[in-house]
Participant: 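Take a look at the following structure, please.
Below, chain A is the first sequence line, B the second, and so on; all start at residue 1.
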Number of protein chains: 2
Amino acid sequence: MTRAVFTREDADTRRQALIEATAASLAEAGIAGTSVRAICMRAGVSAGLLRHYFDGVDALIAETYRATTATVGEAHAAAVAAAGADPRARLIAYVTASFRPPVADPALLATWLAFWSLVKTDAAIAAIHADTYRGYRGELEGLLSSCGLEQAQCRSAAIALTALVDGLWLELTLDPTTFTAEQASAMAVRWLDSLLEGNSLD
Amino acid sequence: MTRAVFTREDADTRRQALIEATAASLAEAGIAGTSVRAICMRAGVSAGLLRHYFDGVDALIAETYRATTATVGEAHAAAVAAAGADPRARLIAYVTASFRPPVADPALLATWLAFWSLVKTDAAIAAIHADTYRGYRGELEGLLSSCGLEQAQCRSAAIALTALVDGLWLELTLDPTTFTAEQASAMAVRWLDSLLEGNSLD
DNA sequence: CTCCTTGTTATACACTTGTAAAATTAACCC
DNA sequence: GGGTTAATTTTACAAGTGTATAACAAGGAG
């Protein structure tokens, strides 16, 4: 009975490997198929190591949620930054990025659904969710405000736009046969234009 | 060791009791907490009975999905029917019903999320989902057409409206502190009005 | 080269999982 | 009443669950 050989890794490396394995497992097998052993096997690590880096499997899942939302936020931010200075172009870039990889990814959908399903039962997940969506809406409010939308309407518009994009993203990634990413972008942009109509930049 | 007393029930009664118990369990404990024993205890029945009426726990969950989507469809249909003959009122009734019980119910959210998370891995669930959403969009297309919207735009508008309503419903039931049901209705109605603008009934 | 720290594995444990098969008994027919 | 049927419960089982703990060994310090 020979023991498995192993290498000692940096703490951050191991933590990130476990987080990535958790996301991959949630994406591929759902929350039901994501166990301590499944995660650790995917990370190439024995099951016992999980508790050495996290308080438990629930804590690891919460941490994975935090990391995933951060990745999505960065993808959006990068798209906006690449769009240049024109406010409308920046807003459109933000929306369009939601329907392209890495955001519109079936793996991300599965991961996201797993998190949503924990919001009511897991207080830590609920807190992360509230924070994350507050951040998303805040960013959109800023973009809308830059487009000349009245300040009083920005909050409500950000909520509605978030909802529209979320709904399109959801159906697009759940069942890509109904409509395409391009159609989704076009619908969101049309909504945006009718919203900004009559609210010029000065 | 005395056996539990029991009464023989009609097959439909037992099936519906198990379906309702499944929905309740999904709502309260999530997919992870919904086991054969949890479902059957909730239905007041021993665990072995599940297999007597369903092919297994997965089949029962699929059946619960079918029943749940039917309930939501009926709630929408009832709201539309109660709205009278005016096309715009009917459309608004459809949308508003999405943000009120029994549609905007945290229990329903949990059930729905559990089903969505099975769409990619379970072919039966995927088929039910595709059918259901085709039906929802078809109904909306009819309502939009009655409002005088050009036929060519109806399909795209139905997709976008479904997405907006889904997104608002999702966030409203996930975290009711961000905005109210009335605000959600108002946002959807505003979108509708700007869409129908210039498309009178002639 | 040896010691020591600690990252890592292996094992054990009590519990839950879904399902199969047998044992029971309620309800209906005669 | 007795007999029959099948709905229901009970038990059993192999596999999987999360986690605690002990055993090990990798890699640096001296």
Side-chain angles (χ1 to χ4, degrees), chain A residues 1-22 25-26 28-65 114 117-118 121-125, chain B residues 1-22 24-26 28-65 114 117-118 121-122 124-125:
Chain A
M1 204 61 182
T2 67
R3 281 200 155 218
V5 298
F6 61 92
T7 57
R8 294 164 114 93
E9 294 289 346
D10 182 52
D12 287 341
T13 304
R14 275 277 134 88
R15 282 206 179 85
Q16 189 165 346
L18 284 168
I19 286 175
E20 285 172 8
T22 304
S25 178
L26 285 174
E28 210 171 286
I31 183 79
T34 298
S35 62
V36 171
R37 287 168 179 81
I39 291 170
C40 291
M41 178 177 309
R42 211 177 273 263
V45 146
S46 84
L49 197 61
L50 190 149
R51 286 277 316 203
H52 197 262
Y53 286 111
F54 297 93
D55 279 349
V57 98
D58 291 341
L60 172 54
I61 289 178
E63 213 56 42
T64 305
Y65 190 22
S117 70
L118 296 175
T121 55
D122 188 323
I125 295 278
Chain B
M1 205 61 182
T2 67
R3 282 199 154 219
V5 298
F6 62 92
T7 57
R8 296 164 114 93
E9 294 289 346
D10 182 52
D12 286 342
T13 305
R14 275 278 135 88
R15 281 207 179 86
Q16 189 165 346
L18 284 168
I19 286 175
E20 285 172 8
T22 303
S25 177
L26 285 174
E28 210 171 285
I31 183 79
T34 298
S35 63
V36 170
R37 286 168 178 82
I39 292 171
C40 290
M41 178 177 309
R42 211 177 272 264
V45 145
S46 83
L49 198 61
L50 191 149
R51 287 277 316 206
H52 197 261
Y53 286 110
F54 297 93
D55 279 349
V57 102
D58 292 341
L60 172 54
I61 290 179
E63 213 58 41
T64 305
Y65 189 24
S117 69
L118 295 176
T121 55
D122 187 323
I125 295 277

Participant: Using a 4.0 Å heavy-atom cut-off across all strands, classify A:F6 as base, sugar-phosphate, or nothing.
Facilitator: base
Participant: Check whether any side-chain N or O of A:H52 sits under 4.0 Å from OP1 or OP2 of C:dG7, and answer yes or no.
Facilitator: yes
Participant: Heavy-atom nearest nucleotide on DNA chain C for B:V57 versus B:T7: which residue maps closer to 5'?
Facilitator: B:V57
Participant: In whole angstrom, what separates B:L49's CG from C:dT25's P?
Facilitator: 16 Å
Participant: In whole Å, I'd like the distance from the CG atom of B:D58 to the C1' atom of C:dT19.
Facilitator: 12 Å
Participant: Under 3.5 Å, is there an N or O donor on one side and an acceptor on the other linking the side chain of A:R37 and the base of D:dG18?
Facilitator: yes
Participant: Which part of the nucleic acid does B:V36 contact within heavy-atom distance under 4.0 Å: base, sugar-phosphate only, or nothing?
Facilitator: base
Participant: First locate atom OG of B:S117, then atom CD1 of B:I31, and finally report the distance between them rounded to the nearest 0.5 Å.
Facilitator: 5.5 Å
Participant: Quick one: A:F54 CZ to C:dT8 P, roughly how many Å, whole number?
Facilitator: 12 Å
Participant: Please state whether the base of D:dA20 and the side chain of A:R51 form at least one donor-acceptor pair under 3.5 Å?
Facilitator: no
Participant: Examine D:dT11: is either OP1 or OP2 under 4.0 Å from a nitrogen or oxygen in the side chain of B:R3? Give yes or no.
Facilitator: no
Participant: If you take all heavy atoms of A:I19 and A:F54, which pair is closest and at what distance?
Facilitator: CG1-CZ, 4.2 Å
Participant: Need one value for B:Y53: base, sugar-phosphate or nothing, where a base atom within 4.0 Å counts as base even if backbone is also close, heavy atoms only.
Facilitator: sugar-phosphate
Participant: Can you confirm whether A:Q16 is buried at CD, in the sense that more than 12 heavy atoms of other residues, nucleotides or ligands lie under 6.0 Å from that atom?
Facilitator: no
Participant: Using a 3.5 Å distance criterion without hydrogens, assess whether the side chain of A:T34 forms a donor-acceptor pair with backbone atoms of A:G30.
Facilitator: yes
Participant: Under 4.0 Å between a side-chain N/O of B:S35 and OP1 or OP2 of C:dT17, yes or no?
Facilitator: yes
Participant: Whole angstrom is fine here: how far is it from CZ in A:R14 over to C1' in C:dT8?
Facilitator: 8 Å
Participant: Without decimals, in angstroms, what is the distance between B:L50 CG and D:dT10 P?
Facilitator: 16 Å
Participant: On DNA chain D, compare the nucleotides closest to A:A32 and B:A4; which residue's is nearer the 5' end?
Facilitator: B:A4
Participant: Rounded off to whole Å, could you give me the CZ-to-C1' distance for the B:R15 and D:dA7 pair?
Facilitator: 12 Å
Participant: Separation of B:L18 atom CG from C:dG18 atom P, in whole Å?
Facilitator: 14 Å
Participant: It should be established whether B:R8 places a side-chain nitrogen or oxygen under 4.0 Å from OP1 or OP2 of nucleotide D:dT5.
Facilitator: no
Participant: Main chain of A:D55, side chain of A:R51: is a donor-acceptor contact present, judged purely on distance under 3.5 Å?
Facilitator: yes
Participant: Just how far, in rounded Å, is C1' of C:dT16 from CD1 of B:I39?
Facilitator: 14 Å
